[in-house]
Amino acid sequence: MTTTSIAACLGEDFLAQALHRDYRHFPAAVDVAGLMTWDDLNKLLATQRLEPPRMRLHRDGPPLHVGDYTEPVTTRRHTVWRRLRPADLHARLADGASLVLDSVDEMHRPLARLAEDIERVLRTRIQANLYASWTGTEGFGVHWDDHDTVVVQLDGSKHWRLYGTTRPYPLYRDTAPPAEPPEEPVADLVLHAGDVLYVPRGIWHAVAADQGARSLHVTCGLQTHTATDLVAWACEQLLDHEEWRRDLPRLAAPAEQAEALHGVRKLLAERLADPHLISRYTKAMDGRAPGRMVPSLPYVGPVPADGDLRVRLTTARAVLEVSDDAVTLAAADNAYEFAPAAEPVLRPLVDGQTVALATLAAAADLDVAAVAGLVQELVTGQAAVVGNLL
């Protein structure tokens, strides 16, 4: 899975016509080979301590009791964890339960790459959850999500019924819940391996394995950005002003309170009048994105000048800006400034490539030691990691 394939899958009109607006179904859009297999899932279940609710079973809405398929284990250090009972797990799944594994991108590198590719295109944090089911029983019933999702069918087939929205753009913390869903779906779809489905937040939907056949899919949830987030960020920028840091005159006379509000309103209005404010907010959020945690063992000291050493950025949303005098990089809540000669080193890393130091050195016409020193600056700021092959 590459950024190009995701962009090609979504289509040129996706950002303008569908994002945050309407669902899109892309049949046979991606090659899912190597993304996630049943053997991969078996390995995770067998080797990871997936404490509920990280791993859980659902049937017709609520989660099943963890005692129905796990047992407590107490270690000699008196730590208690839940161990799967495979026979009971299989029985619950055969009886209609769906298996859910949250944040699977943190445990399985191919799905992490998928999430990073989507982040690079849509410029927001992605969390990937895995869903497996075997029957026509719905795991969650008819429900809506408080975030947009990009669904990739990995194996088998899944029956999706989409009912539309009854409250535009609902939030997790909202002033009112959506009204009851419509009775008739606006779309009735079956996803097969390689299909991609985009569903904006708030759309009521119901999902079940098609014809009772097994199904495995991953849902990539998009972090939501609203006007509330924009104004909160703009308010952060106003802390340079004394009026924005001053204590509110909560106990003062009405005239003094009105005067304080006038000053606050004036500053905020000036900031919101900037036509580029949303673009600036987006760039700032990209530069803050921490990426997925990947240690760089066995390298715990300075980056060695080893031409075969391969490096990459751990964040998919680094911001690189080039001028005649300098190259600036914002990544993982750090800011860096380099000479213009650093651009050929930084550009492939910002584009998501894993590159050998020798390749970067040749592209920039620098020696490997100089490139290792540049990467060391990024490592110190936790914007990059180093490893043989990540």
Side-chain angles (χ1 to χ4, degrees), residues 14-25 52-54 56-65 98 100 102-103 118-119 122-129 131 137-151 158-189 197-208 217 219-238 244 248 250 257-258 261 264-265 268-269 271-273 277-278 281-282 284-285 288:
F14 177 79
L15 296 181
Q17 298 183 15
L19 184 65
H20 311 316
R21 296 174 176 86
D22 199 4
Y23 79 92
R24 285 288 188 273
H25 177 210
R54 183 72 178 273
R56 59 194 188 277
L57 303 184
H58 282 259
R59 184 173 56 210
D60 290 328
L64 273 62
H65 189 276
S98 293
V100 183
D102 282 354
S103 299
I118 298 174
E119 283 187 20
L122 300 183
R123 298 176 69 180
T124 190
R125 174 69 180 176
I126 300 293
Q127 176 180 315
N129 295 345
Y131 297 84
T137 302
E138 296 170 359
F140 296 88
V142 182
H143 66 286
W144 56 273
D145 295 316
D146 65 347
H147 52 270
D148 295 9
T149 57
V150 175
V151 178
K158 199 84 171 186
H159 185 194
W160 287 73
R161 286 173 293 161
L162 308 179
Y163 292 88
T165 61
T166 53
R167 178 176 175 82
Y169 312 111
L171 296 171
Y172 178 72
R173 293 183 176 87
D174 207 336
T175 55
E180 291 298 310
E183 292 186 3
E184 296 298 325
V186 297
D188 198 306
L189 308 169
L197 176 66
Y198 168 74
V199 183
R201 64 183 161 117
I203 289 186
W204 290 92
H205 55 279
V207 188
H217 80 264
T219 293
C220 299
L222 282 61
Q223 179 182 346
T224 297
H225 297 268
T226 68
T228 300
D229 302 304
L230 175 68
V231 172
W233 174 77
C235 290
E236 289 181 17
Q237 315 309 304
L238 289 170
W244 215 256
L248 289 174
R250 297 176 297 112
Q257 292 181 350
L261 278 176
V264 169
R265 183 168 56 248
L268 183 57
R271 187 57 55 96
L272 294 179
L277 188 63
I278 294 179
Y281 164 81
T282 301
M285 294 302 102
R288 290 182 182 181

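These numbers come from the heavy atoms of this one structure, side chains and all, not from hydrogens, waters or symmetry mates.
Listed here is the closest heavy atom pair of Asp102 and Pro53: OD2-O, 3.9 Å. Taking each heavy atom of Glu138 and Ala208 in turn, the nearest pair found is CG-CB, 4.1 Å. Contact between Gly139 and His58 at its shortest, heavy atoms only, is O-CB, 3.3 Å. Taking every heavy atom of both residues into account, Asn129 and Ser103 meet most closely at OD1-N, 2.9 Å. Between Trp233 and Arg288, the shortest heavy-atom contact is CD1-NH2, 3.6 Å. Pro181 approaches Thr166 most closely through the heavy-atom pair CA-CG2, 4.2 Å.
Under a cut-off of 6.0 angstrom, the local environment of CG in Leu171 is crowded, with over 12 non-hydrogen atoms contributed by other residues, nucleotides or ligands.
The distance from the CD1 atom of Ile118 to the OG1 atom of Thr149 is 10.0 Å, given to the nearest 0.5 Å. His159 contributes atom NE2, which lies 3.5 Å from atom CG of Asp188 (distance to the nearest 0.5 angstrom). The NZ atom of Lys158 sits 12.5 Å away from the CG atom of Leu197 when rounded to the nearest 0.5 Å. Expressed to the nearest 0.5 Å, how far CZ of Arg201 lies from OG1 of Thr224 amounts to 4.5 Å. Expressed to the nearest 0.5 Å, how far CH2 of Trp204 lies from CD of Glu180 amounts to 6.0 Å. For the atom pair CG (Asp145) and CD1 (Ile203), the distance works out to 10.0 Å, reported to the nearest 0.5 Å.
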Practice task
Assess whether side-chain contact (heavy atoms from CB on, under 4.5 Å) is satisfied between Ile126 and Leu222, documenting all intermediate values.
Solution key: CA-CA 5 Å; Ile126 300 293; Leu222 282 61; 3.7 Å; yes

Exercise for the section: Give the C-alpha distance, both sets of side-chain angles, the deciding distance and a yes or no for side-chain contact (heavy atoms from CB on, under 4.5 Å) between His225 and Tyr281. Expected result: CA-CA 10 Å; His225 297 268; Tyr281 164 81; 2.7 Å; yes

Exercise for the section: Give the intermediate values and the outcome of side-chain contact (heavy atoms from CB on, under 4.5 Å) for residues Gln17 and Arg24. Expected result: CA-CA 10 Å; Gln17 298 183 15; Arg24 285 288 188 273; 4.0 Å; yes

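Considering only heavy atoms from C-beta on, Asp148 comes within 4.5 Å of His20 through its side chain. In this structure the side chain of Leu15 reaches within 4.5 angstrom of the side chain of Leu122, judged on heavy atoms. Using a 4.5 Å heavy-atom cutoff, the side chains of Glu119 and Arg125 are in contact. The shortest distance between side-chain heavy atoms of Leu64 and Arg56 does not fall below 4.5 Å.
Tyr23 and His205 share no side-chain donor-acceptor pair at under 3.5 Å.
Side-chain atoms of Arg21 come within 3.5 Å of backbone atoms of Ala16 as a donor-acceptor pair (strictly under, hydrogens ignored). Under a 3.5 Å cut-off, the side chain of Arg54 and the backbone N or O of Pro52 do not form any donor-acceptor pair. Side-chain atoms of Thr226 come within 3.5 Å of backbone N or O of Thr228 as a donor-acceptor pair.
Salt-bridge check for Arg173 with Asp146: failed, with every basic side-chain N at 4.0 Å or more from each acidic carboxylate O.
Tyr131 and His217 have parallel rings, their planes meeting at less than 30° on a 0 to 90° scale where 60° marks the start of perpendicular.
For residues 224-235, no residue pair satisfies the salt bridge (Lys or Arg N to Asp or Glu O under 4.0 Å) rule, not counting sequence neighbours.
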